[in-house]
Amino acid sequence: MRRQEPGSTVPRPPTVGEARARDKARKDRAEQERLAAEAEAAAEERRRKRKKGLIGGVAVVGVVGLVALGYTALSSDEVQATCIDPNTEVEVDESYCTTGTHGTGAMAGMFIYAGSPYRYYYGGSAGGVGTKVTGGTVVTPKGATITTKSGTTIQRGGFGSKSTGSGGS
């Protein structure tokens, strides 16, 4: 071995294998840095999307709550009942529903007058006797005060019905 003098000794050039190993290590390090940067960017994008989704969800819940509050405030607990022929959904005189006997079986809540069933139609509108009703239902609304056009209050519960109030025209 020769003696090396500081400042005058030149390091030997790397061998081909050493040069390849250094280049490979440099490329691997650059690739790992690139992958780490991409992973960080993807994580940041997911955080941004999640935050936007939460903000959108809160906005939707707020709007739905506001609509529900408005509907509750504006909806009436009073529903008007109209006597109809259920086959044609045409309004008939109220006496058809108030006089008669209760139906039986699957037709609970219906009345039979002269052999024909008649029932109340809740909500909706009709132009008077002989016109077709629209915009309501034959299902009894829960928790509402149901009145007929003549002012009679109808309360339903369980089987059958109960009518109270004044029956003026």
Side-chain angles (χ1 to χ4, degrees), residues 30-169:
E31 181 67 17
Q32 287 175 352
E33 288 173 1
R34 184 184 67 79
L35 290 174
E38 285 179 2
E40 180 62 32
E44 181 63 30
E45 182 68 20
R46 282 191 303 272
R47 281 191 293 270
R48 236 176 0 103
K49 284 183 179 178
R50 185 176 19 229
K51 187 175 180 182
K52 282 183 180 180
L54 288 174
I55 290 171
V58 168
V60 168
V61 168
V63 168
V64 168
L66 188 62
V67 168
L69 181 65
Y71 180 76
T72 302
L74 295 177
S75 67
S76 173
D77 287 333
E78 292 188 17
V79 176
Q80 187 171 36
T82 305
C83 187
I84 64 163
D85 178 352
N87 297 324
T88 60
E89 292 189 349
V90 171
E91 182 177 353
V92 295
D93 188 62
E94 194 173 311
S95 64
Y96 286 85
C97 289
T98 57
T99 59
T101 60
H102 293 286
T104 59
M107 305 291 272
M110 294 184 58
F111 297 92
I112 298 178
Y113 181 78
S116 299
Y118 291 93
R119 69 181 322 158
Y120 283 113
Y121 191 83
Y122 305 101
S125 61
V129 174
T131 60
K132 188 172 177 101
V133 291
T134 57
T137 179
V138 292
V139 177
T140 306
K142 301 286 182 199
T145 302
I146 304 168
T147 58
T148 62
K149 288 185 176 184
S150 66
T152 304
T153 301
I154 302 170
Q155 298 173 336
R156 298 215 183 243
F159 298 105
S161 68
K162 177 181 176 184
S163 295
T164 59
S166 63
S169 295

**Student:** Please answer whether the main-chain N or O of Gly136 pairs with a side-chain N or O of Tyr121 as donor and acceptor at a distance below 3.5 Å.
**Tutor:**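 Yes.
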**Student:** How far apart are the C-alpha atoms of Ile84 and Arg119, what are their side-chain angles, what is the distance that settles it, and do they pass the side chain to side chain contact (heavy atoms under 4.5 Å, CB included) test?
**Tutor:** CA-CA 6 Å; Ile84 64 163; Arg119 69 181 322 158; 4.2 Å; yes
**Student:** Show every salt bridge (charged side-chain N to carboxylate O under 4.0 Å, His left out) that has at least one partner inside residues 48-66, sequence neighbours left out.
**Tutor:** Glu45-Arg48
**Student:** Kindly give the heavy-atom pair with the smallest separation between Val138 and Tyr122, and that separation in Å.
**Tutor:**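 That would be O-CE1, 3.6 Å.
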**Student:** Atom OG1 of Thr82 and atom CD of Glu94: how far apart are they, to the nearest 0.5 Å?
**Tutor:** 8.5 Å
**Student:** How many angstroms lie between atom CZ of Arg46 and atom CD of Glu44, to the nearest 0.5 angstrom?
**Tutor:**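 One gets 10.0 Å once the value is rounded to the nearest 0.5 Å.
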**Student:** Provide the closest heavy-atom pair for Cys83 versus Tyr120 in the form atom of the first, atom of the second, distance.
**Tutor:**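 Smallest interatomic distance, heavy atoms only, reads N-CD2, 4.0 Å.
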